[in-house]
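Data block below; observations after.
All residue numbers in this chain count up from 1 along the given sequence.
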Amino acid sequence: QLQLAESGGGLVQPGGSLTLSCVVSGDTREHFATGWFRQYPGKEREGIACIVSSDFRTYYADSVKGRFTISRDSGKNTMYLQMNSLKSEDTAIYYCAVDYPVEIAAHNWDNRFEYDYWGQGTQVTVSS
C-alpha cells in the first residue's frame, strides 16, 4: 500500500507561481509513474502531467504545456508540480496519483483509471 499526501496549494494572483508537492510513503517501490490531475466542480478529473521514474519520461496536457513542470526527487520520494504563469482557469483541486506497476504510456497517461493510488487533493485558487 502507498499513501500520497499533496501540499502547496493556496491562493495566487494571475501570472503567479505555485509549487505543489506529493510525498509518497508506505511500501514504496523504486519505479512507478506519478500523475497530477485536477478537478473542476462537477467535472471529471483531468490529467495534466505525468512522470515515469524509471526513465523520467514526462507527459503534459496541452493546457499546461510550457507553463507547468513535473519533477521527482527520488531520494525523498517526492514529486513536484511547478506551476508558472497561472491563469484563473487553473483554479481547481489538484491531486497526485501513482501507477504501479507502470502501465501508463503516451496513449493513456491522462486516464485516471490507470492510476492505483491517490492523494486527498489540494486546492489551488488563481484570483486577483
Side-chain angles (χ1 to χ4, degrees):
Q1 287 290 327
L2 299 179
Q3 294 80 45
L4 282 63
E6 304 98 335
S7 61
L11 173 65
V12 63
Q13 293 187 340
S17 298
L18 274 178
T19 300
L20 304 182
S21 300
C22 175
V23 178
V24 181
S25 60
D27 183 17
T28 57
R29 283 88 171 188
E30 183 172 352
H31 295 303
F32 48 81
T34 306
W36 282 98
F37 288 72
R38 64 185 178 190
Q39 187 168 20
Y40 302 110
K43 301 290 186 180
E44 300 288 342
R45 290 183 191 181
E46 63 177 34
I48 56 174
C50 174
I51 185 167
V52 181
S53 63
S54 58
D55 55 11
F56 292 93
R57 277 176 287 152
T58 57
Y59 304 101
Y60 294 94
D62 288 342
S63 59
V64 305
K65 199 173 294 183
R67 299 189 299 125
F68 292 9
T69 302
I70 190 171
S71 61
R72 180 185 177 188
D73 184 333
S74 299
K76 298 180 180 179
N77 266 341
T78 302
M79 272 59 63
Y80 302 96
L81 185 68
Q82 173 68 42
M83 305 185 294
N84 298 326
S85 302
L86 284 162
K87 308 174 182 179
S88 58
E89 52 263 43
D90 294 317
T91 296
I93 299 175
Y94 285 70
Y95 298 88
C96 66
V98 163
D99 169 44
Y100 180 83
V102 178
E103 296 177 329
I104 62 97
H107 69 280
N108 67 351
W109 68 268
D110 56 349
N111 183 342
R112 67 188 187 279
F113 296 110
E114 295 292 338
Y115 293 81
D116 307 293
Y117 303 93
W118 291 86
Q120 80 287 352
T122 185
Q123 176 71 47
V124 171
T125 302
V126 184
S127 175
S128 55

| remark: In this structure, CD1 of Ile70 is separated from CD of Gln82 (nearest 0.5 Å) by 12.5 Å
| said: Ignoring hydrogens, what is the shortest heavy-atom contact between Ser21 and Thr78? Give both atom names and the distance. | reply: CB-CG2, 4.3 Å
| query | Does Phe56 share a hydrophobic cluster with Val24, counting links as ILVMFWY side-chain heavy atoms below 4.5 Å and allowing steps through other members? | reply | yes
| query | Mind checking whether Trp36 and Tyr80 sit in one hydrophobic cluster, side chains of I, L, V, M, F, W, Y counted as touching below 4.5 Å? | reply | no
| request: List the atom of Leu2, the atom of Gly26, and the distance in Å for their closest heavy-atom pair. | output: CD2-C, 4.4 Å
| Going by heavy atoms in the side chains, are Gln3 and Val23 under 4.5 Å from each other? | no
| remark: d(Ser7 OG, Tyr94 OH) to nearest 0.5 Å is 15.0 Å
| request: Starting from the C-alpha separation in whole Å, work towards a yes-or-no answer on side-chain contact (heavy atoms from CB on, under 4.5 Å) for Leu81 and Val64. | output: CA-CA 11 Å; Leu81 185 68; Val64 305; over 6 Å; no
| OG1-CZ distance between Thr58 and Phe68, expressed to the nearest 0.5 angstrom | 14.5 Å
| field | Cys22: disulfide bond (SG atoms under 2.5 Å apart) partners, not counting sequence neighbours | value | Cys96
| remark: For Tyr115, the hydrophobic cluster (side chain heavy atoms closer than 4.5 Å, chained through members) also holds Phe37, Val52, Tyr59, Ile93, Tyr95, Val102, Ile104, Trp109, Trp118
| message | Check whether Ser88 reaches the backbone of Val126 with its side chain - one donor and one acceptor, N or O, closer than 3.5 Å. | response | no
| Quick one: salt bridge (Lys or Arg N to Asp or Glu O under 4.0 Å) pairs with a partner in residues 106-124, sequence neighbours left out? | Glu44-Arg112
| query | So do Thr69 and Tyr60 actually touch side chain to side chain, heavy atoms under 4.5 Å? | reply | yes
| task | Report yes if the side chains of Val124 and Met83 come closer than 4.5 Å at any heavy-atom pair, otherwise no. | result | yes
| task | Could you list the residues that satisfy side chain to side chain donor-acceptor pair (under 3.5 Å) with Ser71, not counting sequence neighbours? | result | none
| task | Enumerate the residue pairs fulfilling disulfide bond (SG atoms under 2.5 Å apart) with a member in residues 53-94, sequence neighbours excluded, ordered by first and then second residue. | result | none
| task | Sequence neighbours left out, what pairs pass salt bridge (Lys or Arg N to Asp or Glu O under 4.0 Å) with at least one residue falling in residues 46-68? | result | Arg38-Glu46, Asp55-Arg57, Asp62-Lys65, Arg67-Asp90
| note | What one should report as the nearest heavy-atom pair of Gln1 and Tyr117 is OE1-CE2, 3.8 Å
| query | Nearest 0.5 Å, what's the CD-CE distance between Glu6 and Met79? | reply | 10.0 Å
| task | Write down the atom of Asn84, the atom of Ser17, and the distance for their closest heavy-atom approach. | result | OD1-OG, 2.9 Å
| field | Closest non-hydrogen atom pair, Cys50 against Ala33 | value | SG-CB, 4.3 Å
